[in-house]
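Working notes for the structure below.
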Amino acid sequence: MYFSAVIKKEDVNSLLQIRYNTEMGAFMKKIKRTIACVMTVVMFLVNSSAVFAAQDEAAGNNVRIISMKEAEQAATIHIKNVMSTNEESLWNTGVKIGVRRAIFDNKNRLECYYFGIKDKDNNDCGYVITGANTSMYPIIEFAEEGESFLDVSIEHVVEKVNDMEQTDLSSKNCKLYYMGDMNYAVECKVNSNDSKIYDITTSDIVEMEEVCQKEEEIQEQDYSDMWEIYLDMSTRNSNPPDSEGGDFITNPNNYESGYQDSKYYMVDGGFIYYNVMTDFSSGGVCAPTAATNLCKYWYLRDPSKYSDLFLNCSWDDVFWEMFELMETDKKEGTLHVNVPNAYETYFNRVRLNCKSYLIYGTNYGKEIVNELDNNRPCHLIVLNHYKYGNHSVVALGYSQFTYSIGNHSIYIRIADGWTNYPSRYVWGNCQGNWNYVVVLPY
């Protein structure tokens, strides 16, 4: 849900600020659409010749209506792409589509779809607006955080109309219009015979007599090839990442297709700088490295409570303490049964409390998902993995795909002790077994 383009959060913020700047309104529209287009083109660079050729041809009678389900698939692909290419995006903490609305043109024809994004706590976390037919860009505009300008504007319009007309309208009485070139209007039905229309393109909410379509939008373009690429990405054939010589998994969506639902999650504060094994020693030291990184996570998540985990203000000291407690051998590694006791003993030594348990098997990753849903990482041990062999990592998040037959395909996001940031995944159905250690600070 990824390619090489990166749009930074601060860039999106600046665009949102421009949207509500009346003097810069027209400039904002041009820039914001450019951002959406550039990202789309870079995403599908391998198909760029077909895309640009399609843009040069008029659509004629070949315009196809995009269903809301298809538009949601395109929005989902876009969200996943941002999540994988922008490590700072708030969407990486786990989001879902919580609001779906149709947007019309001045002739009451379906023109766009609006998808409001919610985070795991059901807070507003941006939006995506897609086209509703193949003469429109698949992704018109988006934002990665906060309440959308459309929702804010509708609230203002409803409040204004209620004050003027002494009515008790709600947003359900409002209809959205797209006037082209990222200009929007909202119509509120006051009664069966009367309604109010307002331009909500900028923060100056101006009453209008009617919805006016922009002249430059009259000549239709053909973006059907671009739509096909988006929709093809959501239904591509599966290619399970479980083979010798395979690459590290950084984009789970590359391997899944035909799923009914998908979920993306990261524990609070999970994206931090982690240590790698060679920071401390060489050989079979993955278990004490993972333990050090898990202590580092809790320390940074709540320094006021877990400051003592940072032993002598040195992660090197934490590592060697765990190395000793786990009875790690640089040639043979660490016995699994030594891991939970090491956590409990270490926490006790630094005057903190912890319960820890070794669990055999993960039910194809489902048990790890259950643990992470409690908003806490765990110590994951993979065995005979095609890339890691026998290796300890910290499980921090997951991508889960649900199919119509009730099956799940689960990818666990990890701090692997080989890289400093948790950008890699392991697949729950991969060859070999998994065990894990629950760590419960209290």
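For the single chain, residues carry numbers from 1 onward in sequence order. These values consider heavy atoms only, across backbone and side chains, with no hydrogens, waters or symmetry-generated copies.
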Quiz item: Quick one: ring-ring contact (aromatic ring centres under 6.0 Å, His included) partners of Tyr398, sequence neighbours excluded?
Solution: Tyr265

Self-check item: Tyr178 side chain to Met182 backbone, donor-acceptor under 3.5 Å
Solution: yes

Practice problem: Could you verify whether a donor N or O on one side chain and an acceptor N or O on the other, from Glu144 and Ser89, lie under 3.5 Å apart? | Solution: yes

Self-check item: Side chains of Thr328 and Thr334, donor plus acceptor under 3.5 Å
Solution: yes

Quiz item: Side chains of Tyr264 and Gln400: do they bring a donor and an acceptor to under 3.5 Å?
Solution: no

Self-check item: Side-chain donor-acceptor pair present, Glu111, Tyr177, cut-off under 3.5 Å
Solution: no

Quiz prompt | pair Ile117-Trp91: side-chain heavy atoms closer than 4.5 Å | solution = yes

Quiz item: Any side-chain donor paired with an acceptor under 3.5 Å for Tyr255 and Ser409?
Solution: no

Exercise. Please tell me if the side chains of Lys196 and Val157 come closer than 4.5 Å, counting only heavy atoms from C-beta onward.
Key: no

Practice problem: Using only heavy-atom distances, determine whether the side chains of His379 and Tyr343 contain a donor-acceptor pair under 3.5 Å. | Solution: yes

Quiz item: Atom CD of Glu332 and atom CG of Asn390: how far apart are they, to the nearest 0.5 Å?
Solution: 11.0 Å

Quiz prompt | Over 12 foreign heavy atoms within 6.0 Å of CZ, Phe310 | solution = yes

Quiz prompt | Main-chain N/O of Asp268 paired with Asn375 side-chain donor or acceptor, under 3.5 Å | solution = yes

Quiz prompt | Set of ring-ring contact (aromatic ring centres under 6.0 Å, His included) partners for Trp320, sequence neighbours left out | solution = Phe323

Quiz item: What distance do Leu380 atom CG and Tyr388 atom OH have between them, rounded to the nearest 0.5 Å?
Solution: 10.5 Å

Quiz item: Can you find a side-chain donor-acceptor pair between Lys330 and Ser282 that sits under 3.5 Å?
Solution: no

Quiz item: Tyr114 and Asp151: side-chain donor and acceptor closer than 3.5 Å?
Solution: yes

Quiz item: Side-chain contact, heavy-atom cut-off 4.5 Å: Thr130 with Ile66?
Solution: no

Quiz item: Would Tyr259 and Asn253 count as having a side-chain donor-acceptor pair, cut-off 3.5 Å?
Solution: yes

Quiz item: With a 4.5 Å heavy-atom cut-off, do Lys355 and Tyr442 have their side chains touching?
Solution: yes

Quiz item: Within a strict 4.5 Å, meaning less than it, do heavy atoms of the Val267 and Leu372 side chains meet?
Solution: yes

